[in-house]
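To start, the structure itself, in C-alpha cells.
Heads up: numbering here begins at 1 and tracks the sequence.
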Amino acid sequence: MTSETNQRVLGDRKVSALGFGCWAVGGPFFDTAGQPLGWGEVDDDESIAAIRRAMELGVTFFDTADVYGTGRSERVLGRAVAGHRDDVVIASKWGNVFDEDTRTLTGTDHTVEYLNVAIRATLDRLGTDHLDLYQLHSAPEIPDALALADACEDLIAQGLIRGYAWSTDDPSHAAAFAGRPGCVAVQHEASVLHDAPEIFALCEAHGLASVNRTPLAMGLLGRRDHTRPATGADIRTAAPEWLRYFENGVPTREWAAKVAALREILTSEGRTLAQGALGWLWARSERTIPIPGFRNVAQAQENAGALTHGPLRPEQLTEIAGLLR
Ligand SMILES: NC(=O)c1ccc[n+]([C@@H]2O[C@H](COP(=O)([O-])OP(=O)(O)OC[C@H]3O[C@@H](n4cnc5c(N)ncnc54)[C@H](OP(=O)(O)O)[C@@H]3O)[C@@H](O)[C@H]2O)c1
C-alpha cells in the first residue's frame, strides 16, 4: 500500500488501515460457569514487544475492551504505548461487568451510571486522560442504547472520549447510532469467510469507519497446520454456540475446506494466508479497518506486513465469491 492508501478515516482522525485487536493479550478469563473467554496464557513482555513492533511497522490503531482478561489487556496496552500516547489511536469497550480478582465476567450493565464509572476505570488502566473511540460491547434494547449514546456525547463534551460506536452485527443497531454527531464507526465481524454487505453499505453512506473484528476467522485464516489444536483456557477448546469455525480446539472440516479452496488466491503475489485475508477486507470497502488479534511478535510482524501488499484486486474478489458460492 502507498502512504496514501494505507490510511483510513476514523472521525476527525486518520489511522493506519490496519488496527491490532488486543483480546488475546488479556490472557485467560472465564464466565460464571467456567467457560474460557480468553485465548489461554500469554506473556505480557511478548505482548508489549508485539505492540511496539506493530507501531514500528506503521500500525497506529489498537482495539481493546475493559473485559479482555478482566482489565489486563488495557493495562498491557497502556504499558506498551506509554510515552507514545499521541502517536496512537486507542479504542476500548464497555457494557460487561467483571471481577478482576477472580478473572470472571459476571454480567452486563447498561446504565448511564455504570458507563460513567467504566470510562474512568478504563482511562486509569490505560494510563491516559482520553480514549479515541468508546464502543458499546453488549446488546441492550435500542432505547437503552440511545440513552447511552447521549451519555457518550456528554463524555465527548468533557474531553474523555473523542467518538463512540456500537460493536454489533445487527444492522438495525448500527443504524440506530449512525448519523449521531459523535458516532464515528461500527465495529462488526467481517472476513473473507463472513461478508457483511449491509453494514459496509451503512458505513459508506454515513462516512463511518468499519472496524472489522475476527478478520482471521479466529485464527483459522492464519493456520498453517489445521490439525494443531488450541489448548488450555482457550475459548476455541470449548467453543460457545456463536463460535462457528472451531470444535474442540480444531477447525471444523467444513470451514477448513473453504480455506483450502481459497488458499491459492489469498496467497498470491507473495502474501501469507493471513495477509491475503486482510487484503480481501481492504478491497471490499474503503471504510474497512481490520483488527486482527495476535499472540506474539511473529504474528504482529506478519499481520503488519499485510500493509505492504495492500488490497486484493477486484477480479480476485470476484473469483473468491465464485469459489465460495
Ligand atoms: N464483540 C466484540 O466487540 C469483539 C468480538 C471479537 C473480537 N473483537 C476484537 O477483534 C479482534 C480480532 O478478532 P479475534 O481476536 O476474535 O480474531 P482474529 O483476529 O480473527 O484471530 C486472532 C487469532 O488468530 C491467530 N493469528 C493472528 N495472526 C496470525 C498469523 N499471522 N498467522 C496465524 N495465526 C494468527 C492468533 O491465535 P492462535 O495463534 O492461537 O491461532 C490470534 O489470537 C479482537 O482481538 C478484539 O479486539 C471484538
Side-chain angles (χ1 to χ4, degrees), residues 10-11 13 15-16 18-29 37-105 114-137 152 155-156 158-165 167 184-185 187 211 213 289 291-297 299-301 303-304:
L10 179 75
R13 309 290 295 273
V15 298
S16 55
L18 183 71
F20 263 43
C22 298
W23 179 8
V25 299
F29 67 111
L37 296 176
W39 296 64
E41 289 300 339
V42 282
D43 172 348
D44 290 349
D45 290 339
E46 179 79 16
S47 302
I48 289 169
I51 290 165
R52 292 188 178 154
R53 184 71 187 124
M55 288 164 67
E56 279 167 14
L57 294 170
V59 174
T60 61
F61 181 52
F62 294 89
D63 176 76
T64 182
D66 56 4
V67 75
Y68 295 161
T70 59
R72 181 170 165 191
S73 173
E74 288 183 334
R75 290 184 201 283
V76 165
L77 179 58
R79 282 173 59 199
V81 304
H84 300 276
R85 177 64 185 92
D86 294 343
D87 301 334
V88 292
V89 172
I90 300 180
S92 193
K93 314 188 190 81
W94 91 97
N96 291 301
V97 183
F98 53 89
D99 180 335
E100 222 172 317
D101 294 332
T102 60
R103 292 189 290 175
T104 307
L105 184 158
Y114 182 69
L115 165 69
N116 280 301
V117 171
I119 181 61
R120 286 167 176 83
T122 278
L123 295 178
D124 189 47
R125 281 187 292 264
L126 283 163
T128 183
D129 61 357
H130 74 281
L131 199 61
D132 299 288
L133 177 64
Y134 206 26
Q135 302 160 111
L136 177 54
H137 203 181
C152 282
L155 295 181
I156 293 173
Q158 293 170 55
L160 296 181
I161 66 173
R162 290 178 74 113
Y164 63 90
S167 179
V184 296
Q187 181 170 147
V211 178
R213 60 183 175 80
I289 309 173
I291 50 165
F294 60 97
R295 313 170 62 85
N296 50 47
V297 174
Q299 289 180 347
Q301 213 153 264
N303 296 343

Legend entry - Residues in side-chain contact (heavy atoms from CB on, under 4.5 Å) contact with Leu115, at least two apart in sequence or another chain: Trp94, Tyr134, Leu148, Ala151, Cys152, Leu155
Legend entry - With sequence neighbours excluded, residues passing ring pair (Phe, Tyr, Trp, His ring centres under 6.0 Å) with Tyr68: Trp23, His137
Legend entry - Set of residues satisfying side-chain hydrogen bond (donor to acceptor under 3.5 Å, both in side chains) with respect to Gln158, sequence neighbours excluded: Arg120
Legend entry - ring pair (Phe, Tyr, Trp, His ring centres under 6.0 Å) against Phe62, all qualifying residues, sequence neighbours excluded: none
Legend entry - Results of side-chain hydrogen bond (donor to acceptor under 3.5 Å, both in side chains) for Asp66 - residues two or more places apart only: none
Inset, instruction - Not counting sequence neighbours, which residues clear side-chain contact (heavy atoms from CB on, under 4.5 Å) with Leu105? List them please. - result: Leu37, Val67, Asn96
Inset, instruction - Sequence neighbours left out, what passes side-chain hydrogen bond (donor to acceptor under 3.5 Å, both in side chains) with Asp43? Give chain and number order. - result: none
Inset, instruction - Applying salt bridge (Lys or Arg N to Asp or Glu O under 4.0 Å), name anything that partners Glu41, two or more places apart in sequence or on another chain. - result: none
Inset, instruction - Could you tell me which residues satisfy side-chain contact (heavy atoms from CB on, under 4.5 Å) with Ala185, sequence neighbours excluded, listed by chain and number? - result: Leu10, Leu133, Ala165, Ala209, Val211
Legend entry - Minimum heavy-atom distance Glu46-Arg295, with the two atoms named: CG-O, 3.9 Å
Legend entry - Sequence-distant partners of Phe61, ring pair (Phe, Tyr, Trp, His ring centres under 6.0 Å), two or more places apart: none
Legend entry - Student check: side-chain heavy atoms of Asn303 and Phe20 closer than 4.5 Å: yes
Inset, instruction - List for me each residue that meets side-chain contact (heavy atoms from CB on, under 4.5 Å) alongside Leu57, sequence neighbours excluded, and say none if there are none. - result: Arg53, Gln301, Ala304
Legend entry - For Arg103, all residues meeting side-chain hydrogen bond (donor to acceptor under 3.5 Å, both in side chains), sequence neighbours excluded: none
